[in-house]
Structures are given as structure tokens and as C-alpha cells.
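Working notes, beginning with the structure itself.
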Amino acid sequence: MGTEEVQSFPSYETAFVFVVLGIIWYFREKIVYKSYKKYVAWMINKITKNIKDGLNDEKTRLFEFLHDYKDQQKENLTILEVGSGTAPNLSFYPANTKVVCLEPNQHFDSYATENVKKEGNSISVDFVHGYAEALPFENETFDIVVCTLVLCSVKDMKKCLQEIKRVLRQGGKCVFLEHVAHEDKTSWAWTIQCIINPVNQLFCDGCETIRDTETYIMAAGFSDVNVKRFPHKPFPVWIRPCISGLATK
Ligand SMILES: C[S@@+](CC[C@H](N)C(=O)[O-])C[C@H]1O[C@@H](n2cnc3c(N)ncnc32)[C@H](O)[C@@H]1O
């Protein structure tokens, strides 16, 4: 009778794998998270110019009211830009506006600073790191809050809209321009949005393609909401349906 060989458990190899996984887990914030956020800022900066050029007419129309609005204000117009990224909207604001750019990802700082330099000195800009779900400002601080291509990425849209309303002065306006879910949930475009959504979230910092943002804005308790729905043709089909408009406190 032959003796059966007993397979010993490869304890050293297993321990080695666990130690390596432990090290990766310990440094995940520093290595993975930081590199990812750096990549996101770099990638968005690369595409911002194209997006800005493509949306130029829409933004000109959307921000036009600011110029009249400013004339009616006694003091300088104060604008909070939520999720400002590379700060691509500054050129649409009237001269002598005070802008606060709120952005959680610090890797955008250098790109945004470059943009501020291009604008010259006519607009004063402060940068603050923070999240739209917990705006670090007193109640009724701003005349205008601007959200462009941000509500698709925030973790809690309801909380963000409450916060936006809180920091707006009475009669102040939230200006928004967002890509949203297709209206027709039987369309092929909606199906594509659903398929691409997980991949888009993974590579674009949580950006969802299937958010019914308009419904959230309508339910946020603004006194008046003006929304325009339009397909932004230069965008790929999964982020093509867009909304823009004003929500007044
Ligand atoms: C697609 S970029 C848009 C940037 C800029 N608003 C624009 O129009 O180009 C989305 C931005 O939202 C920011 N963001 C994501 N989650 C956020 C949150 N919870 N609060 C504030 N900003 C957020 C991201 O860091 C990023 O800068």
C-alpha cells in the first residue's frame, strides 16, 4: 500500500499575500484615491475647452440675465460656483463680481488658477475646498449659485439642493446646466444610458448618466423654476439630454 501524501497548507505564501493586500489597503487613500482624483482633474481639464466651446451659446443665453441683475444690486454681485472644477464659467460673469469657487478635489486648483489669470482682475475669485452637501457658508450669503455639470456627480442631490437654497438670499437664483436621464424610458437612448452608467461612474468620478435631476429641482421648494430641456448634440448619446434654467428662492 502506498502512503498518501498530505498537502500542507501554504502558510508562508498565504501570509505574504495577506501582508501585501494589507499594505495596499493601508495606503489606499494615498495611492489609489489620490491618483484617481488627479487623473479626474487632468481628464476634465483636457475636455473642458471642447465642452465650453460647445456650450458657449447655451451658457451665454443662460447667464445673460446676470448683467441686468447686477445693475439692480446695490453691492457687488456674489456668486457661489458649486463643483467649480477648472472654473470654466468665469468669462460669462459681469465685471466686478465676487465669485467663490467650491470644489472638493484639490487637484483642480492649478487648472482653475490658470483660468482666473486669463480673466484678468475684473472678477474676484476665492477658492474653497468642500462638498455641496455641506456648504461651509452662513445662511443667505449669495445672490447666485451656479451648478454646471455637477448634480450628476454629487452623492446626495436632495441635500445639495437644500444647501443651495439655504445659502441663497431671498429672491436669489440657482443657475443650472446639467446632463440628465432621457425622458422616454422606452427609448434606445435610455437603454444605452443604463448600460453605460456603471462604467461612466467608474471612470468619471461617480458621474451618473440616468439622473432625473429636473424632478429633484422641482421638488426642492424653490418659489419658481424655469427649465429648458434640450439635446446637446456634441455630447455622446448617454449624456446628450440636458436641462438648463433658473430656480428662484
Ligand atoms: C464634470 S465636473 C464639472 C466642473 C465644472 N462645474 C464645469 O462646468 O466644467 C464635476 C465637478 O463636480 C465636482 N463634485 C463632485 N461631487 C461633488 C460634491 N459632492 N460637491 C461639490 N462638488 C462636487 C467634481 O469634483 C467636479 O469638479
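Remember, it's 1-based here, ligands and their atoms both numbered in the order they're listed. In this text, all values refer to a predicted model and were calculated from it rather than measured experimentally.
Against a heavy-atom cut-off of under 4.0 Å, Y131 is close to the following atoms of ligand 1: 18 (C), 19 (N), 20 (N). Of all atoms in ligand 1, listed by their number and element, those nearer than 4.0 Å to a heavy atom of T148 are 3 (C), 5 (C), 6 (N), 7 (C), 8 (O).
S223 is not listed as a side-chain neighbour of K249, based on a closest heavy-atom distance of 4.5 Å or more. When side chains are defined from C-beta on, C242 does not count as touching K228, because their heavy atoms never get closer than 4.5 Å.
Checking only distances, E103 does come within under 3.5 Å of ligand 1, N or O to N or O. Where the criterion is an N or O separation shorter than 3.5 Å, residue side chain and backbone included, N89 fails it with respect to ligand 1. Looking at ligand 1, you won't find any N or O of F108 less than 3.5 Å from one of its N or O atoms. Checked against a 3.5 angstrom limit, the closest N/O atoms of A132 and ligand 1 fall inside it.
At a heavy-atom distance under 4.0 Å, no atom of C152 approaches ligand 1.
Ring geometry for W42 against Y39 counts as tilted: the plane angle lies between 30° and 60°, on a 0 to 90° scale.
Residues E64 and R61 are not paired through a salt bridge, judged by the lack of any N-O separation under 4.0 Å between the basic side chain and the carboxylate.
Side-chain contact check for E81 and N89: at least one donor-acceptor pair (N or O, by modelled atom type) lies under 3.5 Å.
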